[in-house]
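Below: the structure, in structure tokens.
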Amino acid sequence: MRDAAVRAKLRPHSWNQSQVTDAAHYVVFTARTEITAADIAHLIQRTAEVRGQPASALASYQQLMEGNLLNDARKPHLHDWAARQAYIAMGQLMTGAAVLGIDTCPMEGFDPAKYDEILGPRKDGYACVAAVALGYRSEGDKYAALPKVRYPKAEVIKVV
Ligand SMILES: Cc1cc2nc3c(=O)[nH]c(=O)nc-3n(C[C@H](O)[C@H](O)[C@H](O)COP(=O)(O)O)c2cc1C
């Protein structure tokens, strides 16, 4: 997000956190509010276009996705499922930034309904789910120098 005025509008709905207006970059992640057969058809169309094959050759793939995603048990949870896909992209952004020596802060500390109101993704079928602030660390940031708190490997990795 590049518009300082929009970032200033978001800040009071983000626990007034300063990184919303101060970080070099502020990226808000959205996810589909629902997923329909038309979305799956769109992906099939795009896949056919990119791979230069007829959409009909992807019919069984299309049916598999429809059967898996559009069934009654999944339907109420599709926004959460879509949000999980957005978090994969968030992780990639954070890792990529870290490789370049850029710090990030993943954030859920905001009012998603207010973000939706200000940024307007719902008209396109999306809703705000999380944000990442990015930038070079300030020399005066006392938190940046603190040791990272991580649980021991044996506590978080189970080898079967
Ligand atoms: C669900 C969730 C929401 C969070 N939201 C914010 C936030 O809005 N602002 C913030 O500064 N940190 C937030 N954090 C904390 C940081 O993103 C991060 O977890 C923390 O800085 C520790 O990360 P580190 O150990 O890699 O430094 C949130 C963490 C979680 C688990």
Side-chain angles (χ1 to χ4, degrees), residues 1-40 42-43 46 64-160:
M1 194 176 305
R2 300 211 168 93
D3 189 327
V6 175
R7 288 174 60 165
K9 271 196 217 167
L10 294 176
R11 183 164 163 170
H13 305 295
S14 320
W15 305 350
N16 200 31
Q17 296 183 81
S18 57
Q19 59 270 48
V20 176
T21 48
D22 299 351
H25 297 278
Y26 189 59
V27 180
V28 177
F29 285 80
T30 61
R32 291 303 304 258
T33 49
E34 56 180 333
I35 294 168
T36 64
D39 292 315
I40 294 170
H42 183 48
L43 173 64
R46 180 65 181 151
L64 181 124
M65 281 193 284
E66 285 174 355
N68 196 284
L69 289 177
L70 305 183
N71 66 58
D72 287 346
R74 278 263 207 185
K75 240 180 164 46
H77 309 293
L78 283 177
H79 175 61
D80 287 339
W81 180 79
R84 291 202 290 272
Q85 314 314 305
Y87 276 75
I88 294 174
M90 269 177 76
Q92 299 287 354
L93 173 66
M94 293 167 64
T95 306
V99 168
L100 296 170
I102 297 166
D103 284 354
T104 57
C105 179
M107 298 169 60
E108 281 185 340
F110 61 83
D111 179 343
K114 287 285 177 199
Y115 268 44
D116 287 348
E117 227 174 275
I118 294 165
L119 299 173
R122 283 194 176 258
K123 66 177 175 357
D124 299 317
Y126 290 81
C128 297
V129 292
V132 175
L134 302 98
Y136 292 111
R137 68 182 58 177
S138 151
E139 296 219 341
D141 182 355
K142 61 180 185 215
Y143 297 106
L146 289 175
K148 287 286 171 194
V149 178
R150 299 292 181 253
Y151 293 118
K153 252 188 205 168
E155 218 174 294
V156 293
I157 300 173
K158 302 285 175 223
V159 180
V160 178

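Counting convention: from 1, in listed order, for ligands and their atoms alike. Here, residue 1 is the first one in the sequence, and each next residue gets the next number.
At a 4.0 Å heavy-atom cut-off, ligand 1 touches Cys105 through the side chain alone.
Counting protein heavy atoms under 4.0 angstrom from atom 16 (C) of ligand 1 gives one or more. Under the 4.0 Å distance rule, the nearest protein heavy atom to atom 7 (C) of ligand 1 falls inside the cut-off. Distance check on atom 12 (N) of ligand 1: some protein heavy atom falls below the 4.0 Å cut-off. Protein heavy atoms are absent from the space less than 4.0 angstrom from atom 20 (C) of ligand 1. Taking a distance limit of 4.0 Å, we find that atom 26 (O) of ligand 1 is approached by some protein heavy atom. Less than 4.0 angstrom separates atom 30 (C) of ligand 1 from none of the non-hydrogen atoms of the protein.
The shortest heavy-atom contact between Arg137 and Ala144 is NH1-O, 3.6 Å. The shortest heavy-atom contact between Thr33 and Ala127 is CG2-CB, 3.7 Å. The two residues Ala82 and Ile35 come nearest to each other via the heavy atoms CB-CD1, 4.4 Å. What you find for Glu66 and Ala37 is that their closest heavy atoms are OE2-CB, 4.3 Å.
Closest protein heavy atom to atom 9 (N) of ligand 1: Gln17 OE1, 2.6 Å. Among all non-hydrogen protein atoms, the one lying nearest atom 24 (P) of ligand 1 is Lys148 NZ, 3.4 Å.
A donor-acceptor distance shorter than 3.5 angstrom exists from the side chain of Arg7 to the backbone of Val20, with no hydrogens or angles considered. Judged by distance alone, the side chain of Thr104 and the main-chain N or O of Leu134 form no donor-acceptor pair under 3.5 Å. Between the side chain of Asn68 and the backbone N or O of Met65, no donor-acceptor pair lies under 3.5 Å.
Side-chain contact check for Glu117 versus His13: every heavy-atom pair is 4.5 Å or farther apart.
Nearest to atom 5 (N) of ligand 1 by heavy atom, out of Gln19, Met94, Glu108, is Glu108.
The atoms of ligand 1 that sit less than 4.0 Å from any heavy atom of Arg150 are 24 (P), 25 (O), 26 (O).
Under the side chain to side chain contact (heavy atoms under 4.5 Å, CB included) test applied with Tyr115, the options Thr30, Val129, Leu10 reduce to a single match, Leu10.
The shortest N/O to N/O separation between Met107 and ligand 1 does not fall below 3.5 Å. In terms of N/O distances under 3.5 Å, ligand 1 is approached by Pro106.
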